[in-house]
Amino acid sequence: MTKREIADVLNDIATLMELKGENPFKIRAYSNGARKLETLDEDLGALIEEGALGDIPGFGKALVEKIETLYREGRLEFYDKLKESVEPGIVLMLEIPGLGAKKIKALHKALGVTSIEALQQACEDKLVADLKGFGKKSQEKIAEGIKNREAYGKRHLWWRARAVAEPILEGLLALPEVEKASHAGSFRRKREHVGDLDFIVASSTPAPVMDWFVAQEGVKEVTAHGETKASVRFESGLQADLRVVPPKQFSFALHHFTGSKDHNVLMRQRALARGLSLSEWGLKPADAESFEDSLEADSEEAIFALLDLKFVPPELREGLGEIEAAEGAGFPQLLKVGDLRGVFHNHTTASDGRASLEEMTEAAQELGWEYWGVADHSKASFQANGLNETRVLDQLDRIEKLNASKAYTTHIFSGNETDILPDGSLDLEESVLMRLDYVVASVHSSFSQTE
DNA sequence: GCCGTTTTCGGCCCGACTGTTTTCAGTCG
């Protein structure tokens with residue numbers, strides 16, 4: 001099996017264990033292992049040969065053994081047995097909003113449902129509402145979730161999401177109660193596809209902001225409306241979340257909710273290693289009672305600086321090596337977005353045609369770019385992924401010319417199969433070119449803003 | 001399952017919100 005296939009198996013194991021009620025930390029160990037494997041630069045076969053797999057943090061005895069078995073034999077008895085013990089329909093139920101492993105288990109135990117169809121029927125027969133821990137609202141929510149599963153589960157093209165996001169951000173900024181506002185999440189990280197929209201607002205009087213937000217045009221459903229947090233669902237299935245925080249917490253909240261999750265975990269670990277505790281509330285001494293004593297940061301730059309890091313642009317915060325790259329002298333010339341000469345960043349694809357870091361650096365140099373990030377698309381891997389190399393390189397050329405005297409940042413290329421919509425409406429090449437078009441547009445806009 | 005100048009046990013990020021409860025469990029991010 002390839003690295004990618006093995007990573008998929010580890011992720012499957014984590015999901016199945018969740019449904020079996022395993023220790024959450026054990027589950028996390030498998031998920032971490034899968035992610036580590038996906039982002040591994042070295043050749044897996046070589047690592048196994050050298051017996052060096054266990055030297056990588058996160059791979060202990062048990063994981064090494066399982067990975068080696070999968071690599072050599074292509075199957076794993078432990079996995080096969082685990083898979084047999086869980087109905088496939090049960091796994092699918094995780095896609096229903098509001099349902100997690102525990103509730104699914106409870107439903108299965110009480111009603112014997114093993115498929116989404118059976119669960120839907122149980123809701124129609126009003127069997128769910130009487131269960132302990134469930135009620136009428138839960139039943140309605142599940143039924144609604146099943147009905148809209150397709151729309152809710154799908155990710156939305158960045159540019160379509162932008163059409164919804166921009167008016168909201170403008171509207172928020174125009175409210176008198178709002179001191180600062182920004183989008184966050186995968187939209188701010190400029191992923192090709194975003195799962196939902198996140199907005200962070202700094203305000204001392206949240207209530208009117210919350211009320212304005214849930215009353216947006218096109219809102220189909222208000223799924224949460226608390227004092228500082230609200231969620232709405234639009235007709236398209238796109239969900240938007242708003243969080244209002246006190247102005248002092250704005251930078252921390254913005255960083256936290258921009259993510260990614262993996263990036264945040266690494267940042268928190270980094271803070272802990274310095275005797276500090278980082279959260280959306282602030283950065284405090286680890287032993288301090290509350291975030292009242294938080295260090296102050298009036299920008300994200302300041303947060304990174306407090307952790308001895310150079311600023312990491314949102315587009316690069318994927319937990320794929322950007323933090324190491326931002327350490328001290330890691331990339332002295334790459335201080336912030338505007339200082340970048342060019343950045344070649346890529347989400348992990350771990351495809352078989354993946355280029356090495358060296359190859360990638362070389363490819364970037366050929367284009368006259370600085371290279372930073374975790375990337376795995378070289379010319380060779382374009383071909384391996386069926387991309388039209390000429391068209392892509394034409395686009396790179398356009399960017400290169402635009403950037404002749406100006407710094408910019410980019411975040412391109414996502415070659416991951418998961419980036420293709422279920423209906424196949426976006427193929428790899430289109431995904432890449434769309435991203436490049438976006439980059440060109442943003443370079444244009446940065447020119448017009450600064451000159 | 002992983003990890004360790006608090007190392008072989010006992011942590012592992014943590015808070016908002018909801019719906020169900022009557023003080024909390026589950027989900028989510």
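By convention in this document, chain letters (A, B, ...) are assigned in the order of the sequence lines, proteins followed by strands, and residues within each chain are numbered from 1.
Between the side chain of A/Arg268 and the main chain of A/Leu278, a donor-acceptor pair closer than 3.5 Å is present. Side-chain N or O atoms of A/Thr223 include one that pairs as donor or acceptor with a backbone N or O of A/Ser231 at under 3.5 Å. In this structure, A/Ser277 contributes its side chain and A/Lys284 its backbone to no donor-acceptor pair below 3.5 Å. Between the side chain of A/Arg243 and the main chain of A/Thr228, no donor-acceptor pair closer than 3.5 Å is present.
Atom pair A/Asn264:CG and B/dC28:P shows a separation of 18 Å (rounding to whole Å applied). Remark: C1' of B/dG26 and CG of A/Leu19 are 14 Å apart, rounded to the nearest angstrom. Atoms NZ (A/Lys61) and P (B/dG1) sit 10 Å apart, rounded to a whole Å. Per the geometry, CD1 belonging to A/Ile96 stands 16 Å off C1' belonging to B/dC28, to the nearest Å. Residue A/Lys26 contributes atom NZ, which lies 12 Å from atom C1' of B/dC2 at whole-angstrom precision. Across the protein-nucleic acid pair, A/Ile13 atom CD1 and B/dG1 atom P stand 10 Å apart, rounded to whole Å. For the pair A/Glu18 CD and B/dG26 P, the computed distance is 13 Å after rounding to whole Å. Regarding A/Ile142, its CD1 atom lies at a distance of 12 Å from the C1' atom of B/dG26, rounded to whole Å.
Closest contact between the side chain of A/Asp196 and the listed nucleotides B/dT27, B/dG1, B/dG29 involves B/dG29. Comparing B/dG26, B/dG29, B/dG1 by their nearest atom to the side chain of A/Lys102 picks out B/dG26.
A gap of 24 Å separates the C1' atoms of B/dC13 and B/dT8, to the nearest Å. Nucleotides B/dT7 and B/dG11 are separated by 14 Å at their P atoms, to the nearest Å. Remark: the separation of the P atoms in B/dT6 and B/dC2 is 23 Å, to the nearest Å. The gap from the P atom of B/dT21 to that of B/dA16 amounts to 24 Å, rounded to the nearest Å. Nucleotides B/dT22 and B/dC28, compared at atom P, are 24 Å apart to the nearest Å.
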- Taking protein heavy atoms under 4.0 Å as touching, what does nucleotides 13-22 of chain B look like 5' to 3' if B marks base contact, S marks sugar-phosphate-only contact and - marks none? B-SSSSSS--

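A/Asp8 is linked by a salt bridge (charged side-chain N to carboxylate O under 4.0 Å, His left out) to A/Arg4, counting only residues two or more places apart in sequence or in another chain. Residues passing the salt bridge (charged side-chain N to carboxylate O under 4.0 Å, His left out) test with A/Glu22, sequence neighbours excluded: A/Lys26. Residues forming a side-chain hydrogen bond (donor to acceptor under 3.5 Å, both in side chains) with A/Asp211 (at least two apart in sequence, or on another chain): A/His225.
Between the side chains of A/Lys3 and A/Tyr71, not a single donor N or O lies within less than 3.5 Å of an accepting N or O. Between the side chains of A/Tyr79 and A/Asp12, at least one donor N or O sits under 3.5 Å from an acceptor N or O.
Taking a 4.0 Å limit (strictly below) on heavy-atom distances, residues 76-93 of chain A does not reach DNA chain B anywhere. Contacts between residues 53-60 of chain A and DNA chain B, defined by a heavy-atom separation below 4.0 Å, involve A/Pro57, A/Gly58, A/Phe59, A/Gly60, listed by number.
The shortest side-chain heavy-atom distance between A/Phe304 and A/Leu306 does not fall under the 4.5 Å cut-off.
Between A/His256 and A/His263, the distance separating the two ring centers is not shorter than 6.0 angstrom.
For B/dC2, the paired base is B/dG11 (Watson-Crick or G-U wobble, both distances below 3.5 Å).
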- Message: Run A/Arg274 and A/Asp308 through salt bridge (Lys or Arg N to Asp or Glu O under 4.0 Å) and show every step you take.
- Response: CA-CA 10 Å; A/Arg274 284 164 172 69; A/Asp308 307 317; 2.9 Å; yes

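Side-chain atoms of A/Asp198 and base atoms of B/dG29 include no donor and acceptor less than 3.5 Å apart.
A residue-by-residue look at A/Ala62 and A/Leu94 shows that A/Ala62 has its nearest nucleotide of DNA chain B further toward the 5' end.
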